[in-house]
Amino acid sequence: TRGCLVAFKLREKIVRNISLYIFFVVVLMFPEASNANDCLVTDWKISAKVQNKKPLDVRNTFTVEDRRVSAFVRINCTKPVENTEFCFYRNKAKYACVKLPVKSPEHWRTWASVKALKGSWVVRFRIDERELLTDKFLVQ
């Protein structure tokens, strides 16, 4: 039985190594798919109070009296990108997605907002189908 166990572990290691080899070959053969964009989030805020298109408070708990909740993001990319998308989920159900064009990939800032309805919320931020971040907030 010890011999069977050693043979099984060796076979498992070989299969894992072959899988890794195939993965890296595919990534090297198709770099444009693996490097669709190189964007980084340089600033992220969730806020209810906004003045002159800028967030005044940063928090993750809101009330319906806040009326709206906004997610602000600043990105920096060295490669051109098509658009960004904010998707908001309320109590695990998709509530709204907002697609916005990227005007300049360097130091670009945008935002999206939703009505402050009671519930547990998740906001996901994507660029060209690549999810860059997910955050949660609560409206009481």
Side-chain angles (χ1 to χ4, degrees):
T1 60
R2 184 167 167 16
C4 289
L5 183 60
V6 169
F8 177 77
K9 287 186 176 186
L10 180 61
R11 191 173 334 137
E12 185 179 65
K13 187 176 181 179
I14 290 170
V15 169
R16 184 175 52 241
N17 287 341
I18 290 172
S19 298
L20 286 171
Y21 176 76
I22 291 170
F23 173 77
F24 286 117
V25 167
V26 168
V27 167
L28 291 174
M29 287 178 63
F30 303 102
E32 64 282 344
S34 63
N35 295 326
N37 69 58
D38 64 346
C39 301
L40 295 173
V41 172
T42 59
D43 192 20
W44 174 257
K45 292 180 175 119
I46 298 177
S47 176
K49 293 181 172 67
V50 179
Q51 186 176 22
N52 296 327
K53 301 179 182 180
K54 294 181 182 175
L56 296 179
D57 62 343
V58 178
R59 52 193 164 119
N60 284 64
T61 303
F62 304 89
T63 66
V64 293
E65 287 80 30
D66 287 313
R67 297 182 55 190
R68 296 200 70 78
V69 177
S70 301
F72 289 81
V73 68
R74 185 177 302 274
I75 60 169
N76 196 14
C77 313
T78 61
K79 299 177 184 178
V81 295
E82 296 284 322
N83 55 52
T84 62
E85 181 179 49
F86 291 89
C87 281
F88 294 89
Y89 299 81
R90 179 177 171 233
N91 300 327
K92 298 183 180 178
K94 187 185 278 190
Y95 180 79
C97 288
V98 179
K99 275 193 175 186
L100 301 161
V102 176
K103 295 181 180 165
S104 169
E106 293 182 25
H107 308 292
W108 189 68
R109 185 178 74 96
T110 192
W111 68 92
S113 68
V114 291
K115 187 173 181 178
L117 301 172
K118 283 186 181 183
S120 176
W121 289 81
V122 172
V123 57
R124 291 192 168 119
F125 178 72
R126 303 175 76 145
I127 294 181
D128 293 343
E129 305 303 318
R130 177 179 161 223
E131 190 166 311
L132 289 183
L133 65 84
T134 300
D135 205 350
K136 298 177 182 180
F137 62 93
L138 180 68
V139 178
Q140 300 173 330

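These numbers come from a predicted model, not from an experiment. Numbers here simply count residues along the sequence, with the first being 1.
- Both the sub-6.0 Å distance and the 45° axial angle are satisfied by Arg124 relative to the ring of Tyr89.
- Side-chain atoms of Trp121 and Leu138, non-hydrogen and from C-beta on, never get closer than 4.5 Å to each other.
- The two atoms that bring Lys79 and Asp38 nearest to each other are N-OD1, 3.4 Å, heavy atoms only.
- Using a 4.5 Å cut-off between side-chain heavy atoms of Ile, Leu, Val, Met, Phe, Trp and Tyr, with links allowed through other members, Leu133 and Val69 fall into the same hydrophobic cluster.
- Checked for salt-bridge contact, Asp128 and Arg130 miss the test: no charged N lies under 4.0 Å from a carboxylate O.
- Hydrophobic clustering (side-chain heavy atoms under 4.5 Å, transitive across Ile, Leu, Val, Met, Phe, Trp, Tyr) groups Val98 together with Val102.
- Between atom SG of residue Cys87 and atom OH of residue Tyr95 there is a gap of 13.5 Å, rounded to the nearest 0.5 Å.
- Inter-residue side-chain proximity for Trp108 and Lys103 is flagged as met; some heavy-atom pair is nearer than 4.5 Å.
- Between the side chain of Asn76 and the backbone N or O of Val41, no donor-acceptor pair lies under 3.5 Å.
- Electrostatic pairing of Asp43 and Lys45 counts as a salt bridge here, judged by a charged N lying under 4.0 Å from a carboxylate O.
- The CZ atom of Phe86 lies 5.5 Å from the OG1 atom of Thr84; values are rounded to the nearest 0.5 Å.
- Residues Asp57 and Lys49 share a closest heavy-atom pair of OD1-N, 3.0 Å.
- In this model, a donor atom of one side chain and an acceptor atom of the other lie less than 3.5 Å apart for Arg68 and Ser113.
- With rounding to the nearest 0.5 Å, the separation of CG in Leu117 from CZ in Phe62 is 13.5 Å.
- In this structure, Lys53 and Arg109 have side chains that are in contact, with non-hydrogen atoms separated by less than 4.5 Å.
- Atom SG of Cys39 is separated from atom CZ of Phe125 by 8.0 Å, given to the nearest 0.5 angstrom.
- A side chain to side chain contact (heavy atoms under 4.5 Å, CB included) with Leu132 holds for exactly one of Ile127, Val73, Leu40; it is Ile127.
- Using a 4.5 Å heavy-atom threshold, the side chains of Thr42 and Ile75 count as separate.
- Judged by distance alone, the side chains of Ser120 and Asn91 never bring a donor and an acceptor atom under 3.5 Å apart.
- A pairwise comparison of heavy atoms in Arg59 and Ala48 identifies NH2-CB, 3.3 Å as the closest pair.
- Taken to the nearest 0.5 Å, the CZ atom of Phe88 stands 13.5 Å off from the CZ atom of Arg90.
- At a threshold of 4.5 Å between non-hydrogen side-chain atoms, the residues Val58 and Ile46 do not count as touching.
- One hydrophobic cluster holds both Trp111 and Val50 under the rule that ILVMFWY side chains link at heavy-atom gaps under 4.5 Å.
- Looking at heavy atoms from C-beta onward, Val123 lies out of side-chain contact with Thr134 at the 4.5 angstrom threshold.
- Minimum heavy-atom separation, Lys99 to Glu85: CE-OE2, 3.6 Å.
- In this structure the side chain of Val64 reaches within 4.5 angstrom of the side chain of Lys118, judged on heavy atoms.
- Other residues, nucleotides and ligands place no more than 12 heavy atoms under 6.0 Å from the CD atom of Glu82.
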